[in-house]
There are 2 protein chains.
Amino acid sequence: MELDEIDKQILEALQTNARITTKELSYDLKLSQTPIYERIKRLEREGIIKGYVALLDKEKVGKPMLTYCSVQLKEHAKPFLEQFEREVVNFNEVVECYYIAGNFDYLLRVLVKDIAQYQNFLVNKLAALENIQNVQSMFVMTEVKWSTETPL
Amino acid sequence: MELDEIDKQILEALQTNARITTKELSYDLKLSQTPIYERIKRLEREGIIKGYVALLDKEKVGKPMLTYCSVQLKEHAKPFLEQFEREVVNFNEVVECYYIAGNFDYLLRVLVKDIAQYQNFLVNKLAALENIQNVQSMFVMTEVKWSTETPL
DNA sequence: GTTGAAACCTCCAATTG
DNA sequence: CAATTGGAGGTTTCAAC
């Protein structure tokens, strides 16, 4: 499935503002509303658009502390990886988790209120798992750039 | 500004589906539409809701390769940091960039089509900057968990 | 907080190039 | 086949209570 220029412009607009109307888009793209509407429906149907979400200010909702966290396991056989993954997705502090090729095994994005809550997460949740070899914390001081957009 | 239970339920709903209607919310929360509407407007006005965005499938739009990348600079005086930041935000491959307290200086989320494009980014763009000491790539093999939601 | 109504938007059928 | 027009039904927005 190929995206033409109009599809890309629609996706770009929706990636910055999911609430833009077909009317506004039809004005911007110099088309009537129906083709815009049908393209959006097609992009949704094909799963190119995965969904529409509200983004919150993490400081204002009381989760100002962002940390990336690298994890090395002791045992690396498949059942051990799967067990770690099953456990880590249940921690609500962990909003992202990636299996990594490199010096360690997993990279976690961890969102908490303060150092006390991070310490609690680390000691009582993450390090409490059986198969943990090593955890290293990378505290985010400044968000230089952040975007949910995929460049097209 | 405090969030009560109703606010939290609204935010949770909007974080998973920005297109939910006030009507559906009013049904779920057993309230009429107006208080829902006014709470959402307040949450937007106060910047608790930063915006509404469409999320795309990065595989389906041709950016399947995700890499995190740690960067160490040579010079760390403020003007050097600022220069690096000014340059890195302009790379469209870099969708996130964090200034980190730890063993290195910056953590980058990099989105590309394939290894060739990553190589090109690394060699011709990132490593071409003057002040780079060291770059280390962490290739994402599996996305175990991913969410734009902030837990409330 | 509720009701109710105007304005706007989504969605689709009919139609045209 | 892909666009436009136009209108029914749903949603947002807001005034009055």
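Chain A is the first sequence line, chain B the second, and so forth, proteins listed ahead of strands; every chain is numbered from 1. We use all heavy atoms of the structure for the numbers below, so side chains are in, but hydrogens, waters and symmetry mates are not.
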Between A:Lys8 and A:Glu12, is the closest basic N to carboxylate O distance under 4.0 Å?
-> no
So, with a heavy-atom separation below 4.0 Å from DNA chain C, the residues of residues 8-31 of chain B are B:Leu31
Rounded to whole Å, the CG-P distance (A:Asp7 to D:dA2) equals 12 Å
From CZ of A:Arg42 across to P of C:dC11 the rounded distance in Å is 16 Å
In whole angstroms, the gap separating C1' of C:dC11 from CD1 of A:Ile40 amounts to 12 Å
When rounded to whole Å, the OH to C1' distance for the pair A:Tyr37 and D:dG6 reads 16 Å
Using a heavy-atom cut-off of under 4.0 Å over every strand shown, decide if A:Glu38 touches base, sugar-phosphate, or nothing.
nothing
For this session: Report yes or no: is there a donor-acceptor pair, N or O only, under 3.5 Å between the side chain of B:Thr34 and the base of C:dT3?
Result: yes
Taken to the nearest whole Å, CD/A:Gln33 to P/C:dC11 is 11 Å
Margin query: So that I can tick it off, tell me whether B:Lys78 and B:Glu85 are bridged by a salt bridge, with the cut-off set at under 4.0 angstrom between side-chain N and carboxylate O.
Written below: no
Notebook entry, point to check: Quick one: do B:Arg109 and A:Glu96 make a salt bridge, cutoff under 4.0 Å?
Noted result: yes
Practice problem: Using modelled atom types only, decide if a donor and an acceptor are shared between the side chain of A:Gln15 and the backbone of A:Thr150 within a distance under 3.5 Å. | Solution: yes
Ring of A:Tyr27, cation from A:Lys30 - is the NZ or CZ under 6.0 Å from the centre and inside 45° of the axis? yes
Taken to the nearest whole Å, CZ/A:Arg45 to P/C:dC11 is 12 Å
(message) Evaluate A:Tyr37 against A:Ser26 for side chain to side chain donor-acceptor pair (under 3.5 Å), listing each step before the verdict.
(response) CA-CA 9 Å; A:Tyr37 170 77; A:Ser26 73; over 6 Å; no
note: B:Ile36, atom CD1; C:dT3, atom C1'; distance rounded to Å ~ 16 Å
